[in-house]
Amino acid sequence: MENQVKISEHDQKAKIGAMFDDIAGRYDFLNHLLSFGVDRIWRKKAIKAISETHKNSKIIDIACGTGDLSIAALKLDPEYVKGIDISQKMIDLGREKIIKSGISDRIELIKGDSEKICFNDNSFDVAMTAFGVRNFSEPLKGLAEMKRVIRKGGLIMILEFSKPSGFLFRQIYSFYFLKILPYIGKLFSNNRQAYSYLPSSVMQFPDSQQFMDIMKRAGLSEIKQKKLSFGIATIYTGLKL
C-alpha cells in the first residue's frame, strides 16, 4: 500500500511538472493578463511583509516558477536568493530573465522538489512561495520542509489565491475564474487543462483559517494572514520559534 501511495504522489508531481513545462513560454504573460497586472502588486506587498522583520537575509523561494518573486525579493537586499521549482522549463526561462537583468550573482534557480527540499536544515532566514502551495501534493509536508530549512527565528511567507467572502463579489469572481479565465488561458497557451486546473486548485485549496491551522500543525508560530484585493489573494506568515 505504501508503494502505491508513493507512486501516486510521484505521478501527480510529474503531471504538474509537465503541465507547467508546457505553458512555461506564456506563463508570465498570462499571469499579468489574467490578473490585470495586479499580481505584481501582490508580490510587492508580499515582499513588504517580509521586510518588516527579515531584511538582509538568506532566502529560499519555493515553487519559484520563472523567478518573479525571487527578483522582487532583491528589494530586501538579501545575502542571496535560491529558488527551486519542479518544472525545468520554468527554471530555464527564469534563468534567462535573471541573466538579462544582470543579477545572476544574487539569484540562483535550480530544479527541485518543494516537498523534499535539497538544502540542509537551518540554511535560510526566510522561506517564501507565491501561488505554489496549492500545487503541493501534501501541503503539510511542504510546510514542514520549509520550516526545516529555515533557522530558529526564521520566517515563512506564503502568497496564495483565496476565495472572496462577500456574496456578490464572490459570484462575479467565480464566474470569471471558472468560465472566462480557462477560455483565455486556452486561447493563448493552447492548454485548456492547465487553465482549468488553476481555478479548480484554488477552489479546492483550504484557505483562511483552514490553511492557518495547517501552518500551526507544521509547527509554525505567530501565524498571521492579510487579505488582498477583497480576498482574491492572501499573504500568510509564520515564524519558526
Side-chain angles (χ1 to χ4, degrees), residues 16 19-51 61-75 83 85-87 89-91 93-94 96-98 101 109 114 128-136 139 157-208 211 225-237:
I16 290 174
M19 180 183 70
F20 281 104
D21 278 344
D22 190 51
I23 64 172
R26 305 296 282 170
Y27 182 77
D28 287 345
F29 167 76
L30 281 168
N31 269 357
H32 304 325
L33 174 67
L34 294 171
S35 72
F36 304 99
V38 179
D39 63 304
R40 293 186 176 96
I41 297 173
W42 292 339
R43 288 189 187 86
K44 288 180 181 178
K45 290 182 179 294
I47 296 304
K48 184 178 179 181
I50 297 173
S51 73
D61 183 4
I62 307 296
C64 64
T66 61
D68 279 351
L69 188 64
S70 293
I71 294 169
L74 294 184
K75 293 282 187 181
D85 197 278
I86 199 172
S87 166
K89 287 190 178 180
M90 298 283 267
I91 290 291
L93 287 169
E96 289 179 14
K97 286 199 294 186
I98 289 166
S101 299
L109 306 185
S114 301
M128 62 182 190
T129 183
F131 313 116
V133 170
R134 72 180 188 283
N135 297 318
F136 291 179
M157 189 289 297
I158 295 155
L159 171 61
E160 189 53 86
F161 285 113
S162 50
K163 298 176 280 293
S165 56
F167 177 78
L168 179 59
F169 186 70
R170 184 165 182 159
Q171 296 305 308
I172 297 171
Y173 165 83
S174 296
F175 177 77
Y176 173 74
F177 220 53
L178 297 174
K179 302 295 184 181
I180 306 299
L181 186 149
Y183 174 78
I184 297 175
K186 180 187 177 183
L187 186 65
F188 285 96
S189 73
N190 294 317
N191 189 321
R192 182 175 181 81
Q193 178 187 8
Y195 287 91
S196 294
Y197 166 82
L198 170 61
S200 175
S201 65
V202 171
M203 294 303 174
Q204 294 175 24
F205 184 72
D207 61 353
S208 299
F211 185 67
Q225 68 171 340
K226 181 179 181 179
K227 297 287 187 179
L228 306 175
S229 302
F230 305 101
I232 293 177
T234 302
I235 295 170
Y236 302 92
T237 56

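- A pairwise comparison of heavy atoms in Thr129 and Asp61 identifies CA-OD1, 4.0 Å as the closest pair.
- Residue Phe169 qualifies as enclosed at atom CZ: its count of foreign heavy atoms under 6.0 Å is above 12.
- When all heavy atoms are compared, the tightest approach of Gly67 to Leu109 is CA-CD1, 4.4 Å.
- Evaluation of the salt bridge (charged side-chain N to carboxylate O under 4.0 Å, His left out) rule for Asp39 yields Arg43 as partners, not counting sequence neighbours.
- A donor-acceptor pair under 3.5 Å links the side-chain atoms of Ser35 to the main chain of Asn31, judged by distance alone.
- Every side chain to side chain donor-acceptor pair (under 3.5 Å) that Glu160 has, sequence neighbours left out, goes to Arg134.
- Closest approach of Ala63 and Ser114 over heavy atoms only: N-OG, 3.7 Å.
- Applying the side chain to side chain donor-acceptor pair (under 3.5 Å) criterion to Ser208, with sequence neighbours excluded, gives Lys227.
- Qualifying side-chain contact (heavy atoms from CB on, under 4.5 Å) partners for Ala72, counting only residues two or more places apart in sequence or in other chains: Ile47.
- Legend: residues meeting side-chain contact (heavy atoms from CB on, under 4.5 Å) with Ser51, ordered by chain and number and at least two apart, are Lys48, Lys55, Leu76.
- With sequence neighbours excluded, the residues forming a ring pair (Phe, Tyr, Trp, His ring centres under 6.0 Å) with Phe211 are Phe205, Tyr236, listed by chain and number.
- Distance alone, capped at 3.5 Å, is enough to place a donor-acceptor pair between the Asp85 side chain and the Gly65 backbone.
- Partners of Ser229 according to the side chain to side chain donor-acceptor pair (under 3.5 Å) rule, which considers only residues two or more places apart in sequence or in another chain, are Trp42.
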Could you pull out every donor-acceptor pair under 3.5 Å between side chains of residues 170-177 and any protein atom, sequence neighbours left out?
unit_1 : atom_1 : unit_2 : atom_2 : d
Arg170 : NH1    : Pro164 : O      : 3.3
Tyr173 : OH     : Ser162 : O      : 3.2
Ser174 : OG     : Arg170 : O      : 2.8
Tyr176 : OH     : Leu34  : O      : 2.6

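- If you take OG on Ser200 and CG on Leu178, they are separated by 8.5 Å, rounding to the nearest 0.5 Å.
- Once rounded to the nearest 0.5 Å, the distance linking CE of Met19 with CD1 of Ile86 reads 10.0 Å.
- With sequence neighbours left out, Lys163 forms a salt bridge (charged side-chain N to carboxylate O under 4.0 Å, His left out) with Asp207.
- One distance of note links CZ of Phe136 with CD1 of Ile62; it measures 6.5 Å at 0.5 Å rounding.
- Between Cys64 and Gly83, the shortest heavy-atom distance links the atoms SG-C, 3.6 Å.
- Lys97 pairs by the salt bridge (charged side-chain N to carboxylate O under 4.0 Å, His left out) definition with Asp28, Asp68, not counting sequence neighbours.
- From Leu187, atom CG reaches atom CZ of Arg26 across 9.5 Å, with rounding to the nearest 0.5 Å.
- Listed by chain and number, the residues in a side chain to side chain donor-acceptor pair (under 3.5 Å) with Ser101 amount to none (sequence neighbours excluded).
- The shortest heavy-atom contact between Lys89 and Ala24 is CB-CB, 3.9 Å.
- With values rounded to the nearest 0.5 angstrom, Leu74 atom CG is found 10.5 Å from Leu69 atom CG.
- Listed by chain and number, the residues in a side-chain contact (heavy atoms from CB on, under 4.5 Å) with Lys45 are Ile41, Leu228, Ile235 (sequence neighbours excluded).
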